[in-house]
Amino acid sequence: MTSRFAEFKNKEIIDVSDGAKIGYVDDIVFDTKTADVVSLVIYGRYRFFGLFGRHEDILIDWSDIEIIGEDTILVKEQNLVRDKKPQRVSYFDKLFG
């Protein structure tokens with residue numbers, strides 16, 4: 001089976017253990033030497049309408065994917081990795097920090 005990235009962006013990611021919706025695929029990480037897909041990326045939600053940045057991104061290992069269906073991707077949630085972004089220093093922290 002082959003699939004395009006645009007088709008992946010429309011698939012909902014669901015946790016197999018409890019049926020919770022994790023999100024939609026926003027990006028794909030792949031190995032440039034072997035052209036293998038390494039993980040799927042779900043961007044973190046916006047904080048306060050985007051004024052305070054985003055929450056951490058979620059990386060789902062390709063090996064943790066159970067089934068890729070027509071509309072959904074089923075995964076095991078216990079191995080999800082939160083990709084920590086560098087913390088920004090606010091103007092007030094610089095002044096009073």
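Only a predicted model underlies this, so the values are computations on that prediction, with no experimental measurement involved.
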Step-by-step side chain to side chain contact (heavy atoms under 4.5 Å, CB included) determination, Ile13 to Ile42: CA-CA 9 Å; Ile13 299 176; Ile42 302 171; 3.5 Å; yes

Kindly work out whether a path of hydrophobic side-chain contacts (I/L/V/M/F/W/Y, heavy atoms less than 4.5 Å apart) joins [X] to [Y].
X: Val25; Y: Phe30; result: no
X: Val75; Y: Phe8; result: yes
X: Ile22; Y: Ile28; result: yes

Give me the atom names and distance for the closest heavy-atom approach of Asp31 to Val38. N-CG2, 3.7 Å

Shortest non-hydrogen separation from Lys21 to Ile14 and the atoms involved: CA-CD1, 4.0 Å

Between Val41 and Ile58, does a side chain to side chain contact (heavy atoms under 4.5 Å, CB included) hold up when you go through it step by step? CA-CA 6 Å; Val41 180; Ile58 299 172; over 6 Å; no

Using side-chain heavy atoms (C-beta onward) and a distance below 4.5 Å, is Leu40 in contact with Trp62? yes

Heavy-atom check, side chain of Ile65 versus side chain of Ile73, under 4.5 Å: yes

Non-neighbouring partners of Lys33 that pass salt bridge (Lys or Arg N to Asp or Glu O under 4.0 Å), sequence neighbours left out: none

Considering residues at least two apart in sequence or located in another chain, which fulfil the salt bridge (Lys or Arg N to Asp or Glu O under 4.0 Å) criterion with Glu66? Lys76

Rounded to the nearest 0.5 Å, what separates atom OG in Ser39 from atom CG in Leu59? 5.0 Å

Tell me whether Lys11 contacts the main-chain N or O of Ile68 through its side chain, where contact means a donor paired with an acceptor under 3.5 Å. no

Worked check of side chain to side chain contact (heavy atoms under 4.5 Å, CB included) between Tyr24 and Glu12: CA-CA 5 Å; Tyr24 290 89; Glu12 188 173 29; 3.8 Å; yes

